[in-house]
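Positions are given from 1 along the sequence. The analysis underlying the following values was restricted to heavy atoms, covering all of them including side chains, and did not include hydrogens, waters or symmetry mates.
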Amino acid sequence: MKPSALFPAFAGLALMAACTETAPPQPLRCSEQFHQQLVGKNIGEVTLPDALRRRIIIPGAIPGPVEDPARLNIHVDDKGWIIDTGCG
């Protein structure tokens, strides 16, 4: 097979790769600005990095007094919808 015959196939692959969107990497520490985008989503559809410390706070729960600025706090309503996020 001539090398020129392979060019269209490689060009198509390069074009497909250029059109593929990749999500920006998620921070491994709590970032109030970044994690604010979770508000309005259901906790069941959210994927977070395993290394990110987090706690999910349900209605009526009283979070412990231990503060951790790197931990993401996710406040959900009684149906699992994220209503607020914060660090601590």
Side-chain angles (χ1 to χ4, degrees):
M1 183 179 284
K2 293 182 180 179
S4 60
L6 294 176
F7 179 73
F10 288 121
L13 288 175
L15 181 59
M16 286 177 18
C19 293
T20 303
E21 288 186 32
T22 56
Q26 293 191 25
L28 300 179
R29 296 177 50 89
C30 181
S31 167
E32 291 193 24
Q33 289 178 319
F34 183 86
H35 291 112
Q36 189 64 32
Q37 68 183 336
L38 299 175
V39 174
K41 294 183 179 181
N42 192 282
I43 191 67
E45 63 188 44
V46 172
T47 303
L48 297 168
D50 290 336
L52 175 65
R53 291 191 304 278
R54 71 196 116 201
R55 75 176 158 186
I56 299 170
I57 304 169
I58 60 173
I62 301 171
V66 178
E67 289 293 317
D68 179 357
R71 179 181 55 208
L72 173 62
N73 293 316
I74 304 172
H75 299 263
V76 297
D77 67 11
D78 58 348
K79 295 187 181 184
W81 293 99
I82 299 172
I83 56 176
D84 192 23
T85 61
C87 301

Q) Is any side-chain heavy atom of V76 closer than 4.5 Å to a side-chain heavy atom of I83? A) no
Q) If only atom types and distance count, is the side chain of Q37 paired as donor or acceptor with the main-chain N or O of F34 below 3.5 Å? A) yes
Q) Should we say atom CD of E45 is surrounded by more than 12 heavy atoms from elsewhere, each under 6.0 Å from it? A) yes
Q.
Checking the side chain of R71 only, and the main-chain atoms of R53 only, is there a donor and an acceptor separated by less than 3.5 Å?
A. no
**Q.** Spacing of L38 atom CG and I43 atom CD1 [to the nearest 0.5 Å]
**A.** 7.5 Å
**Q.** Heavy-atom pair with the smallest gap, counting every atom of A70 and R29
**A.** CB-NH1, 3.4 Å
Q | Gap separating the CG atom of L52 from the SG atom of C30, nearest 0.5 angstrom | A | 7.0 Å
Q: Give me the one residue out of T85, I82, I57 that meets side chain to side chain contact (heavy atoms under 4.5 Å, CB included) with H75.
A: I57
Q.
Within this structure, what is the CD-CG distance for the pair Q36 and D84, rounded to the nearest 0.5 Å?
A. 6.0 Å
(Q) To check you understand the geometry: which heavy-atom pair defines the closest contact between P59 and D77, and what is its length? (A) CG-C, 3.6 Å
Q: Give a yes or no on whether I56 and V46 share a hydrophobic cluster (residues Ile, Leu, Val, Met, Phe, Trp, Tyr; joining criterion: side-chain heavy atoms under 4.5 Å apart).
A: yes
Q. Do L72 and L28 belong to the same hydrophobic cluster, where Ile, Leu, Val, Met, Phe, Trp and Tyr are linked whenever their side-chain heavy atoms lie under 4.5 Å apart, directly or via other members?
A. no
Q. Does a side-chain heavy-atom distance below 4.5 Å link I74 with L48?
A. yes
Q: To the nearest 0.5 angstrom, please state how far the CG atom of D68 sits from the CZ atom of R54.
A: 13.0 Å
Q. For the residue pair P69 and C87, what are the closest heavy atoms and their distance?
A. O-CB, 3.6 Å
Q | Side-chain touch P27/H35, heavy atoms, less than 4.5 angstrom | A | yes
